[in-house]
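In what follows, a structure is listed as structure tokens, so that the remarks can point back to it.
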Amino acid sequence: MKHVRLFLLVAAAVLAAGCCRSPRLTSPDGAIEVVFTINESGCPQYSVLKADKQVIAPSRLGFEDHTYKIVSTSRDSRDETWTQVWGEESTARNHYNELCVSLRDEEGGLLDIRLRAFDDGIAFRYEFPGEGEIRLYREQTEYRFAQIPQAWSLPWRTPYYEGLWTKAALDATADTLCSPITLEFPDGTYGFLHEANLTDWAAQNFYYADGALRTYLTPWANGTSVYVKRGETNSSWRMLILADDINALATSRLMLNLNEPCKLTDTSWIRPMKFIGIWWAIHLDHYTWCYRLLDSKGKVVGLSPNHGATTENMKRYIDFAAYHGFGGVLAEGWNEGWDGDWTSNLASFTTPTPDFDIEYLSDYARQRGVQIIGHHETGGNISNYEEQMDSAFAYYDRYGIHNVKTGYVHAKLEGKEWHKSQYGVRHFRHVIETAAAHHVCIDNHECVMPTGLQRTYPNLMTGEGVRGQEWDAWSTDGGSPAEHLCVLPFTRVMAGPVDFTPGTFDFSNPIHPQTRVHSTLARQLAAFVVIYSPLQMASDMPESYLKHPDAFRFVEQVPCDWQRTRIVDAKIGDYVVTARQDKNSDEWYIGAITDEQQRDITLPLDFLSPGKQYVAQIYADAPDADWQDNPYAISISSQEVDSNTTLTLHLAAAGGAAIRIF
Ligand code: NOJ
């Protein structure tokens, strides 16, 4: 009798709260199920099933060591298709069911956990109702995978995420790891664990301990993880894509869907484009960033004999860009502040060096239909930059400069805060919003890992956060292995567009002869399709491109804004075959790349419109091509194709193929 009374009391309490003890949430197609519970110790937990198989066993949620009770639950759902300003597809479908569980902790503090189930994965975030400020030190979110996956990851301290991703069983990863992590499950399916809409929060990291992957938030220098304003601050969405195959993994738009719709009323000034720049030549030490030469005490002892960003050089690059259809030319080292140690610089963002006539050059570029791409290297000196930021963007706006590459080369911002701390996240958002007010698009180098903010601010066009091709100019380890490019589309690029800078046409490296791009020429073309960026830099110098005019045709023609994307075939780290349809025409472009192993691939063109005849222009490794001894050997051919055609392509070691179908 006592038990029955107790049961009735509990049932009444739960009903009064308008919820049950284990609310469940299913994806629109019913395949994915999330179960929320509070365990006997008062700890909130969730578990995930897909097709009735457990993917995540009950795993902890919440903060510090709080215990919680459910106060209420509410539900929502959405099915909308939204148009991308630019992207890998023209539109994205955002279709989910939502459950919000409102909790109260033992001290009366409120916490809402909002969960969403999509057909391609799940997500949840923390919201903090009420008033007042709190500091959080420890997020308890964990992921207890039912089958231990293989994980592609990067250690969390990797400077600016510029490292080589490695694969290991998740439970064998000893380090703390950056977000994202890409997962290969034993049953052949894939997962992508990341965060979306990182706003006024700290970037998450992960470590594996006691059978679960746990969360570690990047702290402030004072040890706080996040400062929360109740009623305002939300965590970023913790998200897990679950994909049955590699195409479903790479084309999931779950991260973008978890971001807010576009906040900019006018986006007509935002234009995807390819660009070149006074850049690779600086990384190869042909030119310098600095205008003056200083001695060890900082005294000016002369002028650099080969300063890169001069009026004369810029004119030459602008002419080349105009003639070959590039939208812009980047100028690095154009402003005062690069002399001496520029990594802790006190740059002026409104003062060009005396040999860079910005007024003349901006007029000249405008007449030639080319834009100057601006550059703000801050050296991580945030206070110096924030003081000037508004006037710096206004200055560029005045000269018709609407794309700016920003840089933060210093281990810590202001010498003490991590780039991916809440401090850094706040700064980067401030830059995006200020730039938008001046109609400027951002290419964010030394960034925090992207989380899909480009849906809300499409002026955030691309970023680094990658061991890009510049490492193949000066890295003392000889350059990135060919595998690297076969990993990126499923790791870093899944988080957002990447300024990887493909397009090396001259593999010689006089200053570091042991270092080079591990690639054939055909693979450099393919990279323009495989690596997505709506601001896509062709990295090499005009003189290098002029040496291979036939191959260069592909670089001139390949778009960087797409209506459709499909991974035709891939194995992470081994090879990738990507097909994309141009946003503004019926043309398709295909990029195929391989790692150090040469291989033959078959490429069914079943994505072409049935019944339509096309011509395929194929830029493939010649039979004797080899990245080390014969990298320039390329065979360029044309053939008629239709949706029934299957092409076979031979990819040399570190080779590739690029195809234009029209
Ligand atoms: C590092 C960036 O990655 C590179 O692209 C740039 O040229 C230098 N910083 C200077 O800003």
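First listed ligand is number 1; within each ligand, the first listed atom is number 1.
Remark: W418 engages no residue in a side chain to side chain donor-acceptor pair (under 3.5 Å) (not counting sequence neighbours). The side chain to side chain donor-acceptor pair (under 3.5 Å) search around D339 returns R292, not counting sequence neighbours.
Each of the atoms 11 (O) of ligand 1 lies under 4.0 Å from some heavy atom of H375. Short contacts between ligand 1 and E377, defined as distances under 4.0 Å to a heavy atom of the residue, involve ligand atoms 9 (N), 10 (C), 11 (O). Near H445, meaning under 4.0 Å from one of its heavy atoms, ligand 1 places the atoms 2 (C), 3 (O), 5 (O). Atom numbering of ligand 1 starts at 1 in the shown order; those under 4.0 Å from a heavy atom of W279 are 4 (C), 5 (O), 6 (C), 7 (O).
With atom 3 (O) of ligand 1 as the reference point, the heavy atom nearest to it among H376, H283, E464 is part of E464.
Note on ring orientation: taking the six-membered ring where Trp is involved, the planes of Y545 and F505 are perpendicular (angle over 60°, cut-offs 30° and 60°). Using cut-offs of 30° and 60° for the angle between ring planes, the Y408 and H419 rings count as perpendicular.
Between the side chain of W237 and the backbone N or O of L258 there is at least one donor-acceptor pair closer than 3.5 Å. For the pair H194 (side chain) and P450 (backbone), a donor-acceptor distance under 3.5 Å is present.
Annotation: atom 1 (C) of ligand 1 to nearest protein heavy atom, E446 OE2, 3.1 Å. Of the protein's non-hydrogen atoms, V409 CG2, 3.4 Å is the one closest to atom 9 (N) of ligand 1. Shortest contact from atom 4 (C) of ligand 1 to any protein heavy atom: E470 OE1, 3.2 Å. Considering only non-hydrogen protein atoms, atom 7 (O) of ligand 1 sits nearest to E332 OE1, 2.6 Å.
Taking the ring axis of F507 as reference, the NZ or CZ atom of R516 stays within 45° of it and closer than 6.0 Å to the ring centre. Figure legend: K315 and Y364 shown as a cation-pi pair, the cationic atom lying under 6.0 angstrom from the six-membered ring centre and within 45 degrees of its axis.
The distance criterion of under 3.5 Å between nitrogen or oxygen atoms is met by K405 with respect to ligand 1.
Using a 4.0 Å cutoff on heavy atoms, W289 counts as a contact of ligand 1.
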